[in-house]
Amino acid sequence: MIGLISYLVFFTTVATILSIAVLGLNLQWGNTGLFNGGVAAFFGAGAYGTLILGGTPQEGHIGGFALPYPVALAGGMAAAGLLAWLVGRLTLKLRHDYLAIATFGVAVTFENVMRNAEWLSGGARGLRGFDRPLQELFASPLAYNAVFLGFVVVLLVATYAFLQRLVASPFGRLLRAIREDEEAAQSLGKSPARVRLISFVTGSVIMGLAGGLYGTFYAFVSPQDVLPILTFQIWAMLIVGGAGNNRGAILGAFLIWGAWTASGWALSRYAPVEAQIYAGSIQYVLIGSVIVGMLLWRPQGLFPERLVVSQRGRHPVPAAAE
Amino acid sequence: MPEPVLSCAGVTAGYVRDLPILHGVDLVAHKATITAIIGPNGAGKSTLIKAIAGLVPVSAGAIALNGREITNIRPDRLSTEGVAYVPQNDNIFRTLTIRENLTLALRRAGARREAIFDRLMTQFPALKDKLDDKAGSLSGGQRQFLAVANALASEPRLILMDEPSAGLSPKAAEEVLEMARALTDSGVTILLVEQNVTQALRLSDYCYILAEGRNQVDGKAADLLGDRVVADIYLGGRRKRVNA
Amino acid sequence: MIQHLVDGVLVGAIYALGAIGLTMVMHMLRFANFSHAELLSVGAYVALVFDKLFGALAPVLTAKIGPLSMSFALALAVLVSMAVTAATAVLIDKLVFKRIRERGEELSMVFASFGVALIVRNLIGLAFGLGTTLYNSDIAFAMVLSTDPLILVRPDQIFTLSAALVLMVVLHLVLSRTTFGYALRAVAENASLAQVAGVNLRRIVIAVWVIGGALAAAAGVFYALTNQITPMIGRDLLMPVFAATIVGGIGSIYGAALGGFLVGLAANLALVVLPSGYAPSMPFLIILAVLTLRPHGLLGVARA
């Protein structure tokens, strides 16, 4: 029983943290129409940033500044934001393919640098030496984890509330206007590139928050945690939940994370031993199929945004000339 | 009156569904004549010509060519129906040479390719010296000539021209419109949209005045030209109101 | 240093072949196709299957061609693979991209292309195993071009470079000398005008996938021949190929060819100063440099 509760706490904590990242992506994709192919990098920047700033000194690499936890977490978020600003500033004025390619590239590069730059990140072995905040106050790990779950749920609710207010604000309407009809928004005297950059950086900071919490929860982060599959998982969560809908995004996160862990468990339990090394490939095919299948047959997601006023779809394609 | 080549009956069309720009427009173009569509900005002139070319979906009404319905024709089938469409802007392939533009236009001409090419060269001597230049290097008037030459390559019976004189110097505009006049002598029918009202009325045989997506007045160009009331109401007066 | 230059040119030719097809798709269909590089993997594995098949059917074909490690069977298999991969590209378009395109959701196509890439890459892994393999396990000896400085080149590398150049010249001739080539360029410049000029857009779209798939197959086999065959070819070549399209300017076929060589050179030269572990980061750094200095690439034009 304790084992089950302990597992449920663990599962819910991770799913809640991923939900925060999905909310960040929803601001970018669902509300602004920005494609982010490098969620893992911004998530990772948050995790590495938090652990480097808040960790205890370690041999062999920088960090261990042992800053107070809120400062460390904010630092991780700032690292994610900075990375987003760098990429966004260069690509958001260009056609959308550039953002897609550059964000994917930043994720590949982030993972590559974290794997190789031992002085910075501990390299492939990952980053250790982080003491989870206030852990000494709790007698059992389960009690701590339960309280930590409460903490991440509070942050999820806060993020949700922040985004709901943002989307309902004039700025949110501007985001939608730009997503639907850039020229019209431009003619109102708004600079789409600037508005997009704000949205992109804000979404990435939220991903950085999720990454920081993830690093805190495990008190460890390694290049294995920032592989491209994380990006694909978070997309699948958003697409299943329905882009543009924050509640759907959270539901999608729990659904996909549940399906992912369940399929992993089932494969490890029932697949023959010699096929075990292919379990990952099968899960990847499943994630790929979820993404393609949803886009083909239910592009609005399982929980679509209410009141969709999309004008996309009226352009005959291929239409190179406009 | 010569036989009708193109007829539009009650054409309703627009870019977005349920938001028509044209509301039941009627129009007939007769063989070997120039028919001009004029009217204030936003009247739906270009939309009408694009709807005929299959570029804007027609939601009601019918378009017929020599009695055969061609409503919502696939644009790439126009040339096989004997229709050529010359858009207003970007009507030539700038990154292709003039020879490449013409070769592309002539690719269905088969055995007649050489003969048509030679004829186009006599018709448009200005292009002859520049065959291997990129079309993007041509002047505005020469571009219109190339666009019309491209259109003529398929030996069309009907040419749709969207503001052929727009953006040209008065002299070049005059040349282009005179060339259109000359084309009708060889039996080609021309339907054109023209911004310059007096020029359009002087040049064309028959004229349709559209406003707000509807037929207003039509008649022989010569008659309309003399009708001051028509000019005031539909060409001067209406424009002011639309712009206000 | 010179060895790095030589290696850069050799691998650059492979990037160029991949980038030409990718830039055409990105330009005509207006989306960044993250599954394009998987066509290189498909090409490499299809060639492997037919190489084995031809070798088994006609053992005489297993003889090697001159100093190459390539057999006659593999040479034939490359041609078959180009055709099969082209068909695969058309099929993927029909099954996935075309349907999304017809709903007019350009950005969803980018998502879908990632999904397709995941599916294709991992199905290849499931079908052929996750390990690496070779067309021919005989050791191919390198030729010493110079001893001081030491420059080594394998005959296979010379062959792949020449074959890649031949393919590019053929493509150039098609584009600049045939009416089909004019139609392709016309659609690339102004699709709706091309359509009213009587060009059938659907056929051109298919042609673009066929060219892209065939060139990707050749690139995949050439890469596998000079390195090794793994299901990760697509993953590893994705960023270099994208970088080549951006260096050249998205939509520019000649730019993509040039970009391929430049990315190959730059990435190899950078390894003179950086540890080789950083090689996967090179394409992104090149992209950043291009976006900073010349956002529309060397031969590209701004397009909204």
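Residue numbering restarts at 1 for every chain, and letters A, B, ... go by the order of the sequence lines.
- Neither the backbone nor the side chain of A:A275 comes within contact range of chain C; no heavy atom of the residue lies under 4.5 Å from a heavy atom of that chain.
- For a residue to count as touching a neighbouring chain, one of its non-hydrogen atoms must lie under 4.5 Å from one of that chain's; by this rule A:V113 touches chain C with backbone and side chain alike.
- Across all their heavy atoms, A:T109 and C:S281 have their closest contact at CG2-OG, 3.4 Å.
- Interface remark: A:Y98 contributes side-chain atoms only to the contact with chain C (heavy atom separation under 4.5 Å).
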Checklist entry - C:L291 and A:L94: side chain to side chain contact (heavy atoms under 4.5 Å, CB included), yes or no, with the steps? => result CA-CA 9 Å; C:L291 292 183; A:L94 305 168; 3.6 Å; yes

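- In terms of heavy-atom pairs under 4.5 angstrom with chain A, the leader among C:I250, C:T245, C:I287 is C:I250.
- Ring-centre distance between C:F114 and A:F104: below the 6.0 Å cut-off.
- Heavy atoms closer than 4.5 Å to chain C are found in the side chain of A:F232, but not in its backbone.
- When heavy atoms are compared at a cutoff of 4.5 Å, A:L286 does not approach chain C at all.
- Both the backbone and the side chain of C:L123 come within contact range of chain A, judged by heavy atoms closer than 4.5 Å.
- The main-chain N or O of A:L296 is found under 3.5 Å from a side-chain atom of C:R103 such that the two form a donor-acceptor pair.
- Ranked by heavy-atom pairs shorter than 4.5 Å toward chain A, the options C:L238, C:L126, C:I100 are led by C:L126.
- The distance from atom OG of A:S281 to atom CD1 of C:I119, rounded to the nearest 0.5 Å, is 13.0 Å.
- Taking A:Q283, A:H96, A:E111 one by one and counting their heavy-atom pairs under 4.5 Å with chain C, the maximum is reached by A:H96.
- Chain C forms the most heavy-atom pairs under 4.5 Å with one residue out of A:V87, A:N112, A:V292, and that residue is A:N112.
- Of the listed residues A:T91, A:D97, A:I291, the one with more heavy-atom pairs under 4.5 angstrom with chain C than any other is A:D97.
- Only the backbone of C:L95 comes within contact range of chain A, with at least one heavy atom under 4.5 Å from a heavy atom of that chain.
- One finds the CE atom of C:M109 at 11.0 Å from the CG atom of A:L295 (value rounded to the nearest 0.5 Å).
- Contact tally against chain A (heavy-atom pairs below 4.5 Å) for C:G115, C:P275, C:A112: the top residue is C:G115.
- For chain A, the nearby parts of C:P295 are the backbone and the side chain; heavy atoms of each come within less than 4.5 Å.
- Within 6.0 Å of CZ in A:R298 there are more than 12 heavy atoms belonging to other residues, nucleotides or ligands.
- The backbone N or O of A:Y284 lies less than 3.5 Å from no partner atom in the side chain of C:N122, so there is not a single donor-acceptor pair.
- The greatest number of non-hydrogen atom pairs below 4.5 Å with chain C, out of A:I101, A:I277, A:L90, is found for A:I101.
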